[in-house]
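Since the model is a prediction, treat every value here as computed from it, not as a measurement. The analysis underlying the following values was restricted to heavy atoms, covering all of them including side chains, and did not include hydrogens, waters or symmetry mates.
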Amino acid sequence: MPLLEIKDLTLEFRTDSGTVRAVEGLSLAIDAGETVCLVGESGCGKSATALSIARLLPSPPANYLSGEVFLNGRDVLRMSKAELRAIRGGVVSYVFQEPGASLNPVFRVGSQIKESLKLHRPETATNDEVIRLLKLVGIPAPESRRRDYPHQMSGGMLQRIMIAMAIASHPKLLIADEPTTALDVTIQAQIIELLRELKQRLDMSILLITHNIGIVSDIADRVFVMYAGQIVESAPAIEMLKRPLHPYTQALMASVPKLGAGAQRLTAIPGAVPNPSALPGGCRFHPRCFKAQSDCSVSAPELREAESNRLVRCPYWNSNPKSEIRNPKSPSEPAPSSKP
C-alpha cells in the first residue's frame, strides 16, 4: 500500500467571479521511502495539490469536488478536525518556499522549534533536542544560534530552520513546496543535498514541488509533470530526463540552461499558463504546443500509458513536431523600433 495515494482529485475555488477549477482528475502515489517531484510552471496547481494532502485549504472557498486522498491508509477528505490535527505534523509535514514569511519574527528560532516538539513529541521538548535538530540540518554553532531571531539569519539558514521544525515530529512524509526559491544556486544545491540525507537518515518519503526541472536529477525517484491543473506526464525520473515524451515536458527540458552553451539566449515556452477561469478547449497546452494538430483544440486527451511505467496526456507524443522549440531573438538581432 502506498504511503500517499491521491485518486481522481478535483478541487475548485469559489470566487466573486465564479467557480475556478484549480485541480482536475489528479491521481498520484508515493511509496514509503520514495522521493517524488511534482513539476510545472507557476499557476499549474502544484501548491494547491500539496496543501490538499493535509486539507490545509480552508473550505470555503476551497471545495473538494471529488476524489480521495489516502495518507497512511486513511482518507484525509473524510477526517474530523481532531484527526486532521493528529496527522498534520505527526504524519505529514511541510516546508514552504518563503521561510521568512513562515517564521514568527518576534520569537527566537529555538523557541519555534521547541513549540513544534511540544505539539508532537512533548517528552523531547528540551534545549538539547533543539540543538540536536539544528546540528542535523547543518546549522553551525547551534548552541548559540538557537537564540537568534529570524532576521539575524540568511535565507539558506532560515530554510534549514524550517526543515528542522518539519522533521521535529518525525513525519512519514515531508512535503517541500519550492524549498529552493530565492536562494542562490550554491545554497539550492546544499538544501537538496540536505533533504536527500535526511530522507535516508529518518526513513521518510518526500514530495518535492518545483518549477525547476533541472533539480529533478539530484533527488527524484519519480516525476509527475503538471499543467493547468492536470497531470500530463509521469515516469521514473531517469527515464523522463533521458527522453521526455509530452511536448510540455520537452519544452521544460529545453528551457534548462546547458553547460558549455555559451552566451546564447535561453529557450522559452511561448505564451503563458492559462487562467483557470478561462481554460482553452481541448488539450490545455495546445495554444503553446509545437506538436499541436487540428483536433487538439477540440478533443481533451486522456492520461494513457505510452510505455511501461510511463503515462502521457497526448495522442501525438510520438509524432513529428510541426515546429521546433526555438530560442527567443538573440541579442545580436536588432529589436523592432518603438517609434511610429
Side-chain angles (χ1 to χ4, degrees), residues 1-12 21-41 43-57 62 64-78 87 91-95 171-179 195 199 204-213 215-216 219-241 244-246 248-249 252 276 284-285 301-314 317:
M1 178 186 297
L3 173 63
L4 170 69
E5 186 174 15
I6 302 176
K7 296 181 178 181
D8 197 29
L9 177 66
T10 297
L11 174 67
E12 293 183 340
R21 186 164 293 186
V23 178
E24 183 172 359
L26 184 141
S27 297
L28 64 81
I30 302 176
D31 293 328
E34 186 179 34
T35 299
V36 167
C37 279
L38 185 59
V39 180
E41 295 169 278
C44 284
K46 306 184 304 297
S47 293
T49 300
L51 293 172
S52 298
I53 293 171
R55 230 169 81 196
L56 292 177
L57 294 168
Y64 298 91
L65 194 65
S66 66
E68 299 169 308
V69 180
F70 287 98
L71 184 61
N72 212 23
R74 302 176 61 201
D75 190 354
V76 172
L77 301 186
R78 288 169 175 76
I87 68 160
V91 178
V92 55
S93 287
Y94 286 80
V95 177
K172 295 184 178 181
L173 174 63
L174 179 68
I175 298 176
D177 189 358
E178 301 277 11
L195 291 173
K199 170 199 163 185
M204 63 183 180
S205 302
I206 294 177
L207 174 61
L208 178 66
I209 313 294
T210 182
H211 64 271
N212 183 4
I213 203 167
I215 69 174
V216 167
I219 193 170
D221 298 311
R222 286 189 300 129
V223 184
F224 290 82
V225 180
M226 193 169 186
Y227 185 78
Q230 296 178 326
I231 298 295
V232 296
E233 182 173 356
S234 69
I238 294 176
E239 294 182 20
M240 180 179 290
L241 293 171
L245 301 185
H246 194 280
Y248 179 58
T249 313
L252 287 177
R284 297 179 180 183
F285 185 60
E302 296 182 2
L303 190 64
R304 297 181 180 275
E305 185 174 38
E307 297 177 356
S308 178
N309 294 322
R310 304 197 65 171
L311 301 177
V312 179
R313 192 184 294 274
C314 177
W317 66 269

Could you tell me the separation between the [atom1] atom of [X] and the [atom2] atom of [Y], rounded to the nearest 0.5 Å?
{"X": "Thr35", "Y": "Ile206", "atom1": "OG1", "atom2": "CD1", "value": "4.5 Å"}
{"X": "Ser47", "Y": "Leu56", "atom1": "OG", "atom2": "CG", "value": "11.5 Å"}
{"X": "Leu51", "Y": "Leu57", "atom1": "CG", "atom2": "CG", "value": "4.5 Å"}

Under 3.5 Å, is there a donor-acceptor pair between the side chain of [X] and the main chain of [Y]?
{"X": "Arg304", "Y": "Arg313", "result": "no"}
{"X": "Lys46", "Y": "Gly40", "result": "yes"}
{"X": "Thr10", "Y": "Ser66", "result": "no"}

[X] versus [Y]: any side-chain heavy-atom pair under 4.5 Å?
{"X": "Val39", "Y": "Leu252", "answer": "yes"}
{"X": "Ile231", "Y": "Leu38", "answer": "yes"}
{"X": "Pro179", "Y": "Leu195", "answer": "yes"}
{"X": "Cys37", "Y": "Ile219", "answer": "yes"}
{"X": "Thr249", "Y": "Met240", "answer": "yes"}

My understanding is that only residues two or more places apart in sequence, or in another chain, count here; which of them pass side chain to side chain contact (heavy atoms under 4.5 Å, CB included) with [X]?
{"X": "Leu311", "result": "Ser234, Leu303, Glu305"}
{"X": "Leu241", "result": "Val216, Ser217, Met253"}
{"X": "Ile238", "result": "Lys242"}
{"X": "Pro276", "result": "Val20"}

- [ ] Check the pair Ile209 / Leu207 against side-chain contact (heavy atoms from CB on, under 4.5 Å), numbers first and verdict last.
- [x] CA-CA 6 Å; Ile209 313 294; Leu207 174 61; 3.9 Å; yes
TODO: Could you list all the salt bridge (Lys or Arg N to Asp or Glu O under 4.0 Å) pairs where at least one residue sits in residues 220-231, not counting sequence neighbours?
DONE: Glu34-Arg222, Lys199-Asp221
Open item on the list: side-chain contact (heavy atoms from CB on, under 4.5 Å), that's the test. Do Asp177 and Leu208 meet it? Break it down for me.
Closed with: CA-CA 6 Å; Asp177 189 358; Leu208 178 66; over 6 Å; no
- [ ] Might you work through the side-chain contact (heavy atoms from CB on, under 4.5 Å) test for Leu3 and Asn72, ending with a clear yes or no?
- [x] CA-CA 5 Å; Leu3 173 63; Asn72 212 23; 3.9 Å; yes
Open item on the list: Going by the rule ring pair (Phe, Tyr, Trp, His ring centres under 6.0 Å), which residues pair with Tyr94 if we only count those two or more places apart in sequence or in a different chain?
Closed with: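 Counting only residues at least two positions away or on another chain, Tyr94 forms a ring pair (Phe, Tyr, Trp, His ring centres under 6.0 Å) with Phe96.
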- [ ] Classify the angle between the aromatic ring planes of Phe285 and His246 as parallel (below 30°), tilted (30 to 60°) or perpendicular (above 60°).
- [x] tilted
What are the two closest non-hydrogen atoms of [X] and [Y], and how far apart are they?
{"X": "Tyr248", "Y": "Val225", "result": "CD2-CG1, 3.7 Å"}
{"X": "Leu77", "Y": "Gly67", "result": "CD1-O, 3.5 Å"}
{"X": "Met226", "Y": "Thr49", "result": "CE-OG1, 3.4 Å"}
{"X": "Val95", "Y": "Leu174", "result": "CG2-CD1, 3.8 Å"}

Using a 3.5 Å cut-off and no angle test, enumerate the donor-acceptor pairs between side-chain atoms of residues 22-32 and protein atoms at least two apart in sequence or in another chain.
from  : atom 1 : to     : atom 2 : distance (Å)
Glu24 : OE1    : Arg284 : NH2    : 2.3
Ser27 : OG     : Asp8   : N      : 2.8

TODO: Carefully, step by step, assess Ile6 and Phe70 under the rule side-chain contact (heavy atoms from CB on, under 4.5 Å).
DONE: CA-CA 6 Å; Ile6 302 176; Phe70 287 98; over 6 Å; no
[X]: which residues meet the side chain to side chain donor-acceptor pair (under 3.5 Å) condition with it, sequence neighbours left out?
{"X": "Ser52", "result": "none"}
{"X": "Glu12", "result": "Arg21"}
{"X": "Arg310", "result": "Glu233"}
{"X": "Asp75", "result": "Arg78"}

Task: Residues which pass salt bridge (charged side-chain N to carboxylate O under 4.0 Å, His left out) with Glu68, listed by chain and number, not counting sequence neighbours - done: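 Not a single residue meets the salt bridge (charged side-chain N to carboxylate O under 4.0 Å, His left out) criterion with Glu68.
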